[in-house]
Each structure stands twice: as structure tokens, then as C-alpha cells.
Amino acid sequence: MADGPRHVAIIMDGNGRWARQRHLPRAMGHKRGVEAVRNLLRGVRGMGLEALTLYAFSSENWRRPADEIDDLTRLMKHFIRSDLDEIAANGVRLKIIGDHSAFDEEAVALIDGALTRTAGNTGTTLAIALNYGGQQEIVRAARAAAAQGEITEDTLAAHLDTADMPPLDLLIRTSGEIRLSNFLLWQSAYAELSFTDVLWPDFTVDHLRQAVAQFAGRERRFGGR
Ligand code: IPE
Ligand code: IPE
Ligand code: MG
């Protein structure tokens, strides 16, 4: 039996389909997706997770129409304005993985402010993956490791965006897609994977608890026997 997970990551997928099923604009799916994030953050407080990583925007999501990217950026800015006080008050340390400098100036300033404000917090680390791609991260880490000397598993891992986080234990994807979509490729080497058909706006802390309960019943071998 595995101990409880220290680090859980979630590919929050299915906002568009959630909206389509209800004949609503995609933006409404994203808005409800943000509400699911807010409720999840409230729900996980007692769970004792050391780290939670949420995939919010991939390096490939720039392929979407400009109006959808605008909607997502606007929601992100609004979320920081409305929820940062609560997040900071709960001892959460915010972290960004990926390169958020690609978003507009106002978004970058809000994100940088949120990072600075929560940097000294010692509770759960909440990593938001923004303009994140696992392959790009590995390339960046390999270049940085090479600039300092030999590339080994350890020196490369020390330059990943997640270097200061516990190893990834459990990776969840919503919406029924069974793929990683360039998320945490290195880190998921021995993570347990959990796929659910639930669309992201419908995902609650109870679904997370179910995945964690399933995780607890798995035997992790890491190649041994
Ligand atoms: C996930 O929902 C949110 C982001 C990728 C930003 P989608 O927008 O991918 O929703 P589907 O996959 O089209 O249902
Ligand atoms: C992955 O979802 C990215 C996020 C959830 C932010 P996508 O909807 O972009 O993935 P694909 O395109 O279906 O693989
Ligand atoms: Mg999707």
C-alpha cells in the first residue's frame, strides 16, 4: 500500500465540452472551470498535500483562437484579483511552471505580485502550469545543466521547473482523454495515473479524494519487486 500522495497534479480538461453540452459559449465553460479550481483549493486544505500542480495553459494552447486566449487571460487576472487574499491567508506558496512572461503585461505583473506575496509561505505549494510544455522544460533544463557541467538524471532534474517540489505521486486527467498533452513528462516517469470522464467544471474535491483513495491501494514498485 502506498502512503498518501505528497504531490498531485491535474490536467484540467473538458471546459469546452462542458459548455457545448449546455449550448453555452466556451468562455462559460472556462469560467466554471475557474470556479472548480476555487472550490478545489478550499476542499484540499485539510488533506495535507505538500504540492498541487494544475495545468492551466499549455505551450500548445497558443494555437487556439485569439478570443479564447483573451478570455482565458481575463479569467486568470480576475482570479488573482479575487482569490489571492484567501490563497495567501491560507499559507499557500504560489509557483508558476512554464514561462508566464508570454502573457500580457498586466497579467505578468499580477502573477509576479502573487509570487512575491506568497514566497515566504510554508503551507501547500500550488504550482500553476502556464505556457507550460514538458518537452520545452526538459530542453531548458538540459541546456542549464550542460552549462554547469555533466548532464545526469540528477543535474537535469535540478534544473526542472519543479526542482523544489516533492516527486510527483499522482497525475489526474479529467474529461476522458487518455494522454499527457506535454504535461510533466519527466516527472511522471513513476507517477500513478488516474483518468476520469468527469469534465473539469464538474470536478470536485470528492473526485480528488476518490483518486487519492485509489492511489492508496496501488502497489508502487519503481522497477523493483
Ligand atoms: C481545458 O478545457 C482548458 C484549457 C485547455 C485551457 P478545454 O478548453 O481544452 O476543453 P475541451 O477539451 O475543448 O472540452
Ligand atoms: C491540456 O488540454 C492542457 C490543459 C488542460 C491546460 P488540451 O485540451 O489543450 O489538450 P489536447 O489538445 O486535447 O491534447
Ligand atoms: Mg481540451
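Start at 1 with the first residue, then count along the sequence. Numbering of ligands and ligand atoms starts at 1, following listing order.
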>> If the cut-off is 2.8 Å, does any N/O/S atom of E177 fall short of it from the Mg ion (ligand 3)?
In response: no

> Could you go step by step and tell me if D99 and S101 meet the side chain to side chain donor-acceptor pair (under 3.5 Å) rule?
Replying inline: CA-CA 5 Å; D99 178 13; S101 72; 2.7 Å; yes

>> Just to be sure I read this right, does ligand 1 sit under 4.0 Å from the backbone of L199, its side chain, both, or neither, counting only heavy atoms?
In response: neither

> Which atom pair, heavy atoms only, marks the closest approach of D104 to A107?
Replying inline: OD1-N, 2.8 Å

>> If we set the cut-off at 4.0 Å for heavy atoms, which region of R26 has an atom near ligand 1: side chain, backbone, both, or neither?
In response: side chain

>> Does S175 form a side chain to side chain contact (heavy atoms under 4.5 Å, CB included) with D197? I'd like the steps, not just the answer.
In response: CA-CA 5 Å; S175 88; D197 288 338; over 6 Å; no

> Is there a nitrogen or oxygen of A56 sitting under 3.5 Å from a nitrogen or oxygen of ligand 1?
Replying inline: no

> Would you say S175 touches ligand 1, if touching means a heavy atom closer than 4.0 Å?
Replying inline: no

>> Which residue in the set H78, R38, R42 passes side chain to side chain donor-acceptor pair (under 3.5 Å) when paired with D83?
In response: R38

> Who's the nearest protein heavy-atom neighbour of atom 10 (O) of ligand 1, and how far?
Replying inline: G16 N, 2.9 Å

> For ligand 2, which atoms have a heavy atom of R179 less than 4.0 angstrom away?
Replying inline: 11 (P), 13 (O), 14 (O)

> Is the NZ or CZ atom of R22 both under 6.0 Å from the centre of the six-membered ring of W18 and within 45° of that ring's axis?
Replying inline: yes

> Does the S58 side chain pair with the main chain of N61, one donor and one acceptor, at a distance under 3.5 Å?
Replying inline: yes

>> What verdict does the side chain to side chain contact (heavy atoms under 4.5 Å, CB included) test give for K95 and T53, after you've listed the backbone C-alpha separation in whole Å, the side-chain angles of each residue and the deciding distance to 0.1 Å?
In response: CA-CA 9 Å; K95 183 181 163 72; T53 301; over 6 Å; no

> Looking only at heavy atoms, is any part of H30 under 4.0 Å from ligand 1, and if so is it the side chain, the backbone, or both, or is it neither?
Replying inline: side chain

>> Tell me the protein heavy atom at minimum distance from atom 5 (C) of ligand 2, and give that distance in Å.
In response: M12 O, 3.4 Å

>> Salt bridge or not between R140 and D161? Use side-chain N to carboxylate O under 4.0 Å.
In response: yes

> Purely on distance, is any nitrogen or oxygen of N15 under 3.5 Å from one on ligand 1?
Replying inline: yes

>> Looking at atom 12 (O) of ligand 2, tell me if a protein heavy atom falls under 4.0 Å from it.
In response: no

> Between H159 and T155, which heavy-atom pair has the shortest distance, and what is it?
Replying inline: ND1-O, 2.9 Å

>> Tell me which one of R32, R26, H30 satisfies side-chain contact (heavy atoms from CB on, under 4.5 Å) with N15.
In response: H30

>> For a salt bridge (charged side-chain N to carboxylate O under 4.0 Å, His left out) check, start with the C-alpha distance between R17 and E177, then their side-chain angles and the critical distance, and finish with the verdict.
In response: CA-CA 12 Å; R17 278 161 285 167; E177 309 295 353; 3.0 Å; yes

> What is the nearest protein non-hydrogen atom to atom 14 (O) of ligand 2, stated with its residue, atom name and distance?
Replying inline: S181 OG, 2.6 Å

> Which of the N/O/S atoms in D13 sits closest to the Mg ion (ligand 3)?
Replying inline: OD1

>> Among all the protein's non-hydrogen atoms, which is closest to atom 9 (O) of ligand 2, and how far away is it?
In response: N61 ND2, 2.9 Å

>> Does the plane of the ring in F103 sit parallel, tilted or perpendicular to the ring in W62? Use 30° and 60° as the thresholds.
In response: tilted

> With a cut-off of 4.0 Å, which atoms of ligand 2 are near a heavy atom of R64?
Replying inline: 7 (P), 8 (O), 9 (O)

>> Using a 4.0 Å cutoff against the non-hydrogen atoms of R17, which atoms of ligand 1 qualify?
In response: 11 (P), 12 (O), 14 (O)

>> Tell me whether W18 has any N or O atom under 3.5 angstrom from an N or O of ligand 1.
In response: no

> Which atoms of ligand 2 are found less than 4.0 Å from any heavy atom of F57?
Replying inline: 6 (C)

> Who's the nearest protein heavy-atom neighbour of atom 2 (O) of ligand 2, and how far?
Replying inline: R173 NH2, 3.6 Å

